[in-house]
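Notes to accompany the following structure.
Chain letters run A, B, ... following the sequence lines, proteins first and then strands; every chain starts at 1.
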Amino acid sequence: MSPAVTHPAVQFLAASATEKHRPLIITLFAVFVVATLVITVWAGRQTKSASDFYAGGRQFTAFQNGLAVSGDYMSAASFLGIAGSIAIFGYDGFLYSIGFLVAWLVALLLVAEPLRNSGRYTMGDVLAYRMKQRPVRTAAGASTIVVSIFYLLAQMAGAGVLVSLLLGITTDAGKVLIVALVGVLMILYVTIGGMKGTTWVQMVKAVLLIAGTILITFLILLKFNFNISDLLGTAAKNSGKGSDFLNPGLKYGKTGTTKLDFISLGIALVLGTAGLPHILIRFYTVPTAKAARKSVNWAIGIIGAFYLMTIVLGFGAAAILKPGDIIASNPAGNTAAPLAALEIGGGADSTGGAILLAVISAVAFATILAVVAGLTLASSSSFAHDIYANVIRKGKATEKEEMRAARWSTVAIGAVAIVLGAFARDLNVAGLVALAFAVAASANLPTILYSLFWKRFTTQGALWSIYGGLVSSVVLVLFSPVVSGNPKTSMFKGVDFHWFPLENPGLISIPLGFLLGILGSLLSKEEPDKGKYAELEVKSLTGIGAH
Amino acid sequence: MATDVPPPRGGAETGPAQPTTEQFLAEQESEEFGELRHAHRSFAFPLTIGFIAWYLLYVLLSNYAGGFMDTKVVGNINVALVFGLAQFLTTFLIAWFYSRYATTKLDPKGEAIKSRMEADV
């Protein structure tokens, strides 16, 4: 059996279990879609100004935004990807949970509050604050769109996986159909509801995801009488790997190269979050920097609790499922969480199992929709505000024209996501998201930090850093085993043009991004704009003049 | 000349009145602002370096200290898992620690400067 091919027997296992209950599944999906569309239309009616569209009117409370940040952040990668990684590789999958969480401290201590104080709608507002507007805004727009598209790709892969599990659809046409449905929905959420609609969708999703995860975690723990050690022991035994399953190194400990890959991934995870445009723009939705700080604290609490539960989900899946079934259903493990729900509910032939599978799949679907809406909003905002309004129209576009540009770019980005989504089914979605983190940490984070804290930073430094980080990370991914060369998990199977040995480029591209920012600044003839730096520094720490 | 286009305009959102660049330059040089900057940097920078180092220690130990990380502590719970859970704990603690510091030490300084500057606009 080739692991690259989705095993029909397991597809049927889940599909036949859901066959009888398909009306239930479709109903749950439909309820979520209708409810969120109602919210979107309601939010759309209140969206009049650009500030409403981009920043939700800046009137959300810290708790609401904390919930929405969590909903924006806990993507298909967190839910399907981490559980799958742990279920297959044991302890090594756990690094994702830790890195994704610790990363929030960078955002909390260094980025969230200054950004809220000095920016307005986009990440580019802060990146370009002290610099020549047009080149830096172009660069910021480019990196925002690239990071968001990498991230979108992961969510689309998750959507394709879910639907083939649930409906037994393995044909390309069926897959494209569901990816297209996701694309159309995200376009509707963003064009109609703007940031207000997106925020409410993300809050609803966060509540559903947490509730669903608590339910499955509770049921798994119940099965093991709340004895974690027993759960881990059973997972280790059942995985066929023995105690190695609980020790570091099963995935990344094989060779010197895989160990470097582990470090690369670890660095990308911890430095990526504070450079993710779709997360950063969420801080504009609260009235003050203090509220931004509090929303990060809420998010750390919610996200931390969720990631603690992913340990139980992942090891639980390994303990109760046959290891062959996890890999046969999806070679990257993306279906481990839904399959565990099916099993813990009573198995493939039971009503309980089918209901839990339906619920968890609907939660995963909601998760994907909320995240793609956030990503689409971030990229269309950046296109409209950074590139269209400030570069193409040189700051002379009216508010109406800017919002129209944002809506059209939403449609365009949705279309791109639909097309790309069809290619990414067998990649682990957590791994894909880690690439987005690497690009964000390489291209965005250095310029954010230098802009805020380094007086000698110049336009040339910003451009070298953004483009250097962006191009190096993307090129390294393109020639990595993620894209070609690995017959099991590469995006393009059967071809091999890879020469970069690591799956994650962060180890090279992140230091390069930081280094180029310094070199570009020190080697540039232009003097840093002292007045602009004074404005940015005083504003960022005091909130004077903040929108 | 550092900017080739005017700062972004064109929103109905009429932002608050902005101090002039000269006022910002003077403020940046002021002792009061210097204290605020020092209070933020001397807290946030070392703490950031600290938690990143602590996290990298965990990553490196996972990679290169297999024997130590594989040691069983209780039942099937090994040092590696305890280390991972400790990362969660320190993240929660640092978030709480920073927020308390910001509320008591940074916010009053920042607000004092803000209201003084706003009075001058």
Side-chain angles (χ1 to χ4, degrees), chain A residues 49-51 91 94-95 98 101-102 104-106 108-110 120 125 132-134 228-229 232-233 236 243 246-249 252-253 259 262-263 266 270 290 293 297 300-301 304 307-308 385 389-390 394-399 402 529-532 534-535 537-538 541-547, chain B residues 2-13 15-19 21 24-25 27-28 33 36-37 40-41 44 47-48 51-52 55-56 58-60 62-64 66 69-70 74-78 80-81 84 87-88 91-92 94-96 98-99 102-103 106-107 110-111 113-114 117-118:
Chain A
S49 66
S51 161
Y91 186 84
F94 186 34
L95 173 74
I98 296 170
L101 180 70
V102 174
W104 275 99
L105 292 176
V106 182
L108 177 69
L109 268 62
L110 301 177
R120 200 171 172 198
D125 286 345
K132 289 192 179 124
Q133 293 289 309
R134 295 181 69 189
I228 303 273
S229 173
L232 293 173
S243 61
L246 305 177
N247 297 335
Y252 292 103
K259 286 182 177 179
F262 187 73
I263 299 175
V270 79
K290 200 176 157 115
R293 180 199 308 148
N297 280 329
I300 288 177
Y307 286 146
L308 283 173
H385 183 65
N390 282 296
K394 302 179 189 179
K396 294 193 186 78
T398 66
E399 192 171 353
E402 202 176 314
D529 186 334
K530 290 200 177 67
K532 280 278 173 198
E535 276 184 34
E537 193 179 31
V538 174
L541 281 175
T542 64
I544 175 108
H547 285 279
Chain B
T3 49
D4 48 359
V5 285
R9 288 280 176 261
E13 186 186 50
Q18 305 285 335
T21 303
F24 276 118
L25 278 166
E27 187 58 45
Q28 192 186 31
F33 184 78
L36 171 62
R37 170 174 43 206
H40 177 253
R41 293 190 175 195
L47 198 54
T48 302
F51 77 74
I52 289 182
Y55 168 80
L56 287 179
Y58 152 78
V59 171
L60 294 176
S62 297
N63 251 351
Y64 302 110
M69 294 294 261
D70 300 353
V74 186
N76 291 305
I77 294 164
N78 55 16
L81 189 68
Q87 294 283 333
F88 277 75
T91 302
F92 294 139
I94 290 169
W96 169 80
Y98 168 75
S99 300
T103 312
L106 302 180
D107 289 350
E111 274 153 28
I113 294 172
K114 182 169 181 254
M117 285 186 82
E118 273 168 352

Ranked by heavy-atom pairs below 4.5 Å to chain B, first place among A/L105, A/L108, A/L541 goes to A/L105

Cut-off 4.5 Å, heavy atoms of chain A, and the answer for B/N78 is side chain

Whatever's closer than 4.5 Å to a heavy atom in chain A on B/L81 counts as both

- Task: For the pair A/S229 (side chain) and B/N76 (backbone), establish whether a donor and an acceptor sit closer than 3.5 Å, ignoring hydrogens and angles.
- Result: yes

Heaviest contributor of heavy-atom pairs below 4.5 Å to chain B, chosen from A/A236, A/S243, A/G543, is A/G543

Applying a strict 4.5 Å limit to non-hydrogen atoms, the region of B/R41 in contact with chain A is side chain

Between the NZ atom in A/K259 and the CG atom in B/L60, the distance rounded to the nearest 0.5 Å is 11.0 Å

The reported gap from CH2 in A/W104 to CZ in B/F92 (rounded to nearest 0.5 angstrom) is 13.0 Å

Whatever's closer than 4.5 Å to a heavy atom in chain A on B/L106 counts as neither

When the 4.5 angstrom heavy-atom criterion is applied to B/F88 and chain A, the contacting part is both

When rounded to the nearest 0.5 Å, the distance separating OG of A/S49 from CD of A/E399 is 5.5 Å

When rounded to the nearest 0.5 Å, the distance separating CG of A/D125 from CG of A/N390 is 7.5 Å

d(B/W96 CH2, A/N297 CG) to nearest 0.5 Å is 11.5 Å

Interface check, chain A: of B/N63, B/T91, B/I77, most non-hydrogen pairs under 4.5 Å belong to B/N63

Checked B/G110, B/A80, B/G66 vs chain A; the most non-hydrogen pairs under 4.5 Å come from B/A80

Of the listed A/I544, A/L95, A/L101, A/I228, the one with the largest count of heavy-atom pairs under 4.5 Å with chain B is A/I544

For B/K114, is there an ion pair with B/D107 - N to carboxylate O distance below 4.0 angstrom?
no

So, the part of A/K290 with a heavy atom under 4.5 Å from chain B: the answer is side chain

Parallel under 30°, tilted from 30 to 60°, perpendicular over 60°: which one fits the rings of B/Y55 and B/Y58? tilted

